[in-house]
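Bear in mind that the values here come from a model prediction, so they are computed numbers and not experimental data. By convention in this document, chain letters (A, B, ...) are assigned in the order of the sequence lines, proteins followed by strands, and residues within each chain are numbered from 1.
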Number of protein chains: 2
Amino acid sequence: MIDYTQLLKDYNLKVTPQRVAIVNELHNKGHINIDDLFHSLKSTFPSISLATIYKNINAMLEKFFVAEVKIPNAKSVYELTKELHSHLVCKKCNKIEDISLNTASLINEATKKSNFKLEDISVVFSGVCQECSK
Amino acid sequence: MIDYTQLLKDYNLKVTPQRVAIVNELHNKGHINIDDLFHSLKSTFPSISLATIYKNINAMLEKFFVAEVKIPNAKSVYELTKELHSHLVCKKCNKIEDISLNTASLINEATKKSNFKLEDISVVFSGVCQECSK
DNA sequence: CTGACTGCAAACGTTTTGCACGGTA
DNA sequence: TACCGTGCAAAACGTTTGCAGTCAG
């Protein structure tokens with residue numbers, strides 16, 4: 001289990017049991033939406049409130065400690081910030097997987113074809129995962 | 001001005017002045033969010049309601065006549081469905097442009113590296129447009 | 001003429017805010 | 001101790017629904 005305590009401190013976020021639980025859940029699940037996160041934490045913290053979840057996720061988003069992933073036809077999910085990667089979403093079971101792809105040539109092409117100074121790229125694939133296509 | 005009347009009929013949507021205005025606005029602006037669409041149409045239809053906007057956009061989405069584009073850190077925008085393309089978003093002025101890119105090799109790479117049967121791809125670039133970077 | 005569409009108002013789900021209490025540093 | 005975080009309740013949003021009147025086909 002990775003210790004995120006120091007990371008919370010580095011970002012000037014006080015280390016509370018709720019925050020540690022949120023970070024652990026993000027780490028374990030990889031990607032999770034607000035409602036699932038709330039219900040997961042309810043078992044450990046029966047009195048936790050949605051307001052606490054929102055306040056903390058927003059605080060972590062502001063520190064770029066956590067990132068939001070917007071998914072076509074589904075609720076946004078949150079993940080711990082990591083190196084650039086793309087996402088695969090299963091249309092049947094809604095599972096989300098990370099995938100590392102070489103987007104350099106696509107960024108290159110977009111740079112040549114547009115007049116934008118590009119800074120970020122978001123790539124989300126939708127399809128059917130192996131289990132669901134059996 | 002392209003005539004979308006027949007297209008509305010083809011999709012079994014009655015041709016009302018509000019619908020024609022919505023389609024024209026989507027055509028003219030390229031991409032627009034619900035609120036901007038509502039305020040644009042207010043000048044022509046002072047008594048138009050948000051409910052009408054939502055009902056129509058949802059009807060058009062169901063017919064795959066209009067598509068939703070989810071944008072990082074911004075409201076979703078809607079566009080008339082066209083051939084596969086990617087989007088460029090300006091972080092300063094929020095302008096959105098279409099860009100046609102060759103995503104075949106990226107899809108190919110994702111297919112090889114994953115166990116998903118891929119069906120769709122969404123690519124959104126964020127950056128600064130030429131005017132805003134002056 | 002009939003079913004579909006519009007606009008209003010109310011309902012609903014999600015997210016944010018204010019405040020008193022409690023916990024971290 | 002001083003501040004920050006939590007949890008509750010209320011408020012603020014964005015979106016959907018029900019309904020009566022109107023319009024397109």
Side-chain angles (χ1 to χ4, degrees), chain A residues 3-26 32-63 65-78, chain B residues 3-26 32-63 65-78:
Chain A
D3 176 28
Y4 288 101
T5 302
Q6 189 54 48
L7 211 41
L8 284 170
K9 285 179 187 163
D10 291 346
Y11 282 104
N12 292 314
L13 295 173
K14 284 192 177 176
V15 178
T16 66
Q18 292 89 339
R19 281 187 180 152
V20 171
I22 289 172
V23 175
N24 280 332
E25 196 67 15
L26 290 172
I32 192 164
N33 68 40
I34 295 290
D35 213 51
D36 290 347
L37 183 56
F38 177 58
H39 288 107
S40 288
L41 298 202
K42 270 263 172 185
S43 54
T44 318
F45 300 90
S47 66
I48 199 169
S49 71
L50 261 173
T52 297
I53 305 280
Y54 278 109
K55 283 171 188 167
N56 282 318
I57 288 289
N58 286 335
M60 292 173 189
L61 285 171
E62 276 169 27
K63 310 281 186 178
F65 182 82
V66 161
E68 179 178 7
V69 185
K70 292 204 174 186
I71 311 231
N73 310 311
K75 293 179 190 168
S76 288
V77 295
Y78 299 86
Chain B
D3 177 28
Y4 288 102
T5 302
Q6 189 54 47
L7 210 42
L8 283 169
K9 286 180 185 161
D10 291 346
Y11 283 105
N12 293 313
L13 295 173
K14 286 193 175 175
V15 179
T16 66
Q18 292 87 341
R19 279 187 182 155
V20 171
I22 288 172
V23 175
N24 279 332
E25 196 65 15
L26 291 172
I32 193 165
N33 67 42
I34 295 290
D35 213 52
D36 290 346
L37 183 55
F38 177 58
H39 288 108
S40 288
L41 299 201
K42 270 262 170 184
S43 55
T44 317
F45 302 91
S47 66
I48 199 169
S49 72
L50 260 173
T52 297
I53 305 278
Y54 278 110
K55 283 169 187 168
N56 282 318
I57 287 289
N58 286 336
M60 294 174 190
L61 284 171
E62 275 169 27
K63 310 281 187 179
F65 180 84
V66 161
E68 179 179 9
V69 185
K70 291 205 174 184
I71 313 235
N73 311 310
K75 293 179 189 168
S76 287
V77 295
Y78 299 87

**Residues forming a side chain to side chain contact (heavy atoms under 4.5 Å, CB included) with A:Val20, sequence neighbours excluded** = A:Leu8, A:Val15, A:Asn24
Contacts under 3.5 Å, N or O only, protein and nucleotides 8-14 of chain D:
{"residue": "D:dC8", "atom": "OP2", "partner": "A:Ser47", "partner atom": "O", "Å": "3.2"}

**A:Phe45 CZ - C:dG22 P separation (whole Å)** = 18 Å
**Asked** Can you name the ring pair (Phe, Tyr, Trp, His ring centres under 6.0 Å) partners of B:Tyr11, sequence neighbours left out?
**Response** B:Phe65
**Length of the line joining A:Leu61:CG and C:dT16:C1', which is rounded to integer Å** = 14 Å
**Complete:** Contacts of A:Asp10 meeting side chain to side chain contact (heavy atoms under 4.5 Å, CB included) (sequence neighbours excluded), chain-then-number -> A:Gln6, A:Leu7
**Prompt:** Atom CD1 of B:Ile57 and atom P of D:dT16: how far apart are they, to the nearest Å?
**Reply:** 11 Å
**With sequence neighbours excluded, residues passing side chain to side chain contact (heavy atoms under 4.5 Å, CB included) with A:Ala74** = A:Ile71
**Complete:** When rounded to the nearest 0.5 Å, the distance separating CG of B:Leu61 from CG of B:Asn56 is 11.0 Å
**Item:** Qualifying residues under side chain to side chain donor-acceptor pair (under 3.5 Å), relative to B:Glu25, sequence neighbours excluded
**Value:** B:Lys29, B:Ser40
**Prompt:** Which residues satisfy the side chain to side chain contact (heavy atoms under 4.5 Å, CB included) test with B:Ala59, sequence neighbours excluded?
**Reply:** B:Leu13
**Complete:** note: A:Phe38, atom CZ; D:dT6, atom C1'; distance rounded to Å ~ 13 Å
Quick test: give all pairs of protein nitrogen or oxygen and nucleotides 22-25 of chain D nitrogen or oxygen below 3.5 Å, distance rounded to 0.1 Å.
{"residue": "D:dG25", "atom": "OP1", "partner": "B:Val15", "partner atom": "N", "Å": "3.3"}

**Complete:** A:Ile53 CD1 to C:dT16 P, in whole Å, measures 13 Å
**Fill in**
Residues at least two apart in sequence or cross-chain that pass side chain to side chain donor-acceptor pair (under 3.5 Å) with A:Thr44, listed by chain then number, are none
**Item:** Point-to-point distance, once rounded to the nearest 0.5 Å, from CG of B:Leu41 to CD1 of B:Ile22
**Value:** 6.0 Å
**Prompt:** Can you name the residues that form a side chain to side chain donor-acceptor pair (under 3.5 Å) with A:Glu68, not counting sequence neighbours?
**Reply:** A:Ser76
**Residue mapping more 5' on DNA chain D - nearest nucleotide basis, A:Asn56 or B:Ile34** = A:Asn56
**Message:** Just the rounded figure in Å: distance from C1' of D:dT16 to CD of B:Glu62.
**Reply:** 13 Å
**Prompt:** Could you state the CD-P distance from A:Gln6 to C:dT24, rounded to the nearest angstrom?
**Reply:** 17 Å
**Message:** For DNA chain C, which residues of residues 66-74 of chain A approach it to below 4.0 angstrom with any heavy atom?
**Reply:** none
**Request:** Using side chain to side chain donor-acceptor pair (under 3.5 Å) as the criterion, list what pairs up with B:Asp36, not counting sequence neighbours.
**Result:** B:Asn33
**Request:** Let me know the distance between CG of A:Asn58 and P of C:dT14, rounded to the nearest Å.
**Result:** 16 Å
**Request:** Ignoring backbone atoms, establish whether A:Gln18 has a side-chain N or O less than 4.0 Å from OP1 or OP2 of C:dG23.
**Result:** no
